Protein chains: 2
Amino acid sequence: MQIKNGFEQSVYAICLLSMLPAKSVLPGEAISNQIGASPTYFQKILRKLSDSDLIASVPGKKGGFKLKKSPSEIRIYDIFLAIEGQQALYYSNNVLGEMVPKKDKEACVLSDLMERAETSWITVLKSETISSLFTELHKEKELQDWVNQNLVQ
Amino acid sequence: MQIKNGFEQSVYAICLLSMLPAKSVLPGEAISNQIGASPTYFQKILRKLSDSDLIASVPGKKGGFKLKKSPSEIRIYDIFLAIEGQQALYYSNNVLGEMVPKKDKEACVLSDLMERAETSWITVLKSETISSLFTELHKEKELQDWVNQNLVQ
DNA sequence: GATAAACAGGATAATCATTATCCTGTTTAT
DNA sequence: ATAAACAGGATAATGATTATCCTGTTTATC
Ligand code: SF4
Ligand code: SF4
């Protein structure tokens, strides 16, 4: 069991996009290369982020991606949700259900616990945003330089 | 991304074993059948639980499995750990590491957050044990009957 | 002792999810 | 019109999980 690699890559992709001057975009291929991901696949990951309204895509020549929300509005959980979807950690396969048909009202004890655990995990992931997490990173000159060299418009 | 099915199955397997009278065992095949798992595969899952000292295996004719700890000492997290191992939810693929070689002392901000999230998840899973979770289940007569019919010794 | 029923554990196959590639279509700056 | 970019469907490669098989060891019973 492992969270998809695309999650970490997405965090950094969004991080790069957060260093972008207004009205500029970064082409998907540049991002993929910088992150070291396969471009054709990472385009699909970028689309997931775009479907979740975290980033915006600009088609056409001089097109690319840019943030749709400000870095302080993008929680790490939003990225997790965009990539992994809901109930990502656990869902019941109803093993006990097969063993003991339980009365409708009775909640399943294990499912309850697992849900509480997942809620707790999610709460932590909601507690930080791209901007709260990467204030330090943004001081990195190399990265900002790379962004400046690769942006379009 | 999904926690292995074997985790939920293990919880119920241990639950069954907790209904066993002292000095008796349940054969692995009986457990597998009741849970609806492939016997050959589930034997390996039972071994993981046994490797983690949650259950004990008795070889030979009239052999089988029984609990090694009391139900109140078996936390749901112990079962999770036995099946999924450590760092099960997330580990960094060092994407940022490639992007910005960071000074040794500086902890990685994303890894830190993910660790805090996992710790929080684990804390919830440590908060309940087999006995705290399944007091209700143990009142189910059908299950106790099944155990009585399938136990050995 | 021989036999049967159970676990141990290695090797291997089947299945399924993730990752990667390819191709056709649409958008837009030049 | 052309080129460079995204959209999205189809499909292949890879890797992890699940399942099977087989050989060996333990132990109760005959
Ligand atoms: S009791 Fe809950 S966790 Fe257990 S099998 Fe049913 S639904 Fe799943
Ligand atoms: S900074 Fe941390 S999370 Fe990011 S790539 Fe490095 S080790 Fe991984």
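Any value given below was found using the heavy atoms of this structure, including those in side chains, with hydrogens, waters and symmetry copies removed. As the structure is a prediction and not an experimental result, all values here were calculated from the model.
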Under-4.0 Å side-chain N/O to phosphate OP1/OP2 contact, B/Lys61 with C/dA6: no

Heavy-atom side-chain contact between B/Phe65 and B/Leu16 under 4.5 Å: no

OP1 or OP2 of D/dT18 under 4.0 Å from side-chain N/O of B/Thr40: no

Distance below 4.0 Å between B/Ser38 side-chain N/O and D/dT20 OP1 or OP2: yes

Sugar-phosphate, base or nothing in reach of B/Gly60, heavy atoms under 4.0 Å: base

Between D/dA16 (P) and B/Tyr41 (OH): distance, integer Å: 14 Å

Side-chain N or O of B/Lys4 closer than 4.0 Å to phosphate OP1/OP2 of D/dT18: no

Sugar-phosphate only, base, or nothing, as touched by A/Val25 at under 4.0 Å among non-hydrogen atoms: nothing

Sugar-phosphate, base or nothing in reach of B/Gln43, heavy atoms under 4.0 Å: sugar-phosphate

Closest-nucleotide 5' rank along DNA chain D - winner of A/Lys44 and B/Ile45: A/Lys44

Distance in angstrom units between B/Phe42 CZ and D/dT17 C1', rounded: 15 Å

Protein-nucleotide distance (A/Lys23, atom NZ; C/dT28, atom P), rounded to Å: 16 Å

Those residues that, when tested against B/Phe80, pass ring pair (Phe, Tyr, Trp, His ring centres under 6.0 Å) (two or more places apart): B/Phe7, B/Trp121

C/dA8 phosphate, OP1 or OP2, under 4.0 Å from B/Ser57 side-chain N/O: yes

Given D/dT27, D/dT20, D/dC6, the nucleotide with the shortest approach to the side chain of A/Pro59: D/dC6

Canonical and wobble pairing (Watson-Crick, G-U, under 3.5 Å) of DNA chain D, dot-bracket with |: ||||||||||||||||||||||||||||||

B/Gln2 or B/Leu26, whichever maps to the more 5' nucleotide of DNA chain C: B/Leu26

Interatomic spacing from CG in A/Leu49 to CG in A/Leu81 - rounded to 0.5 Å: 11.0 Å

N/O (side chain, A/Arg47) to phosphate O (OP1/OP2, D/dC6) under 4.0 Å: no

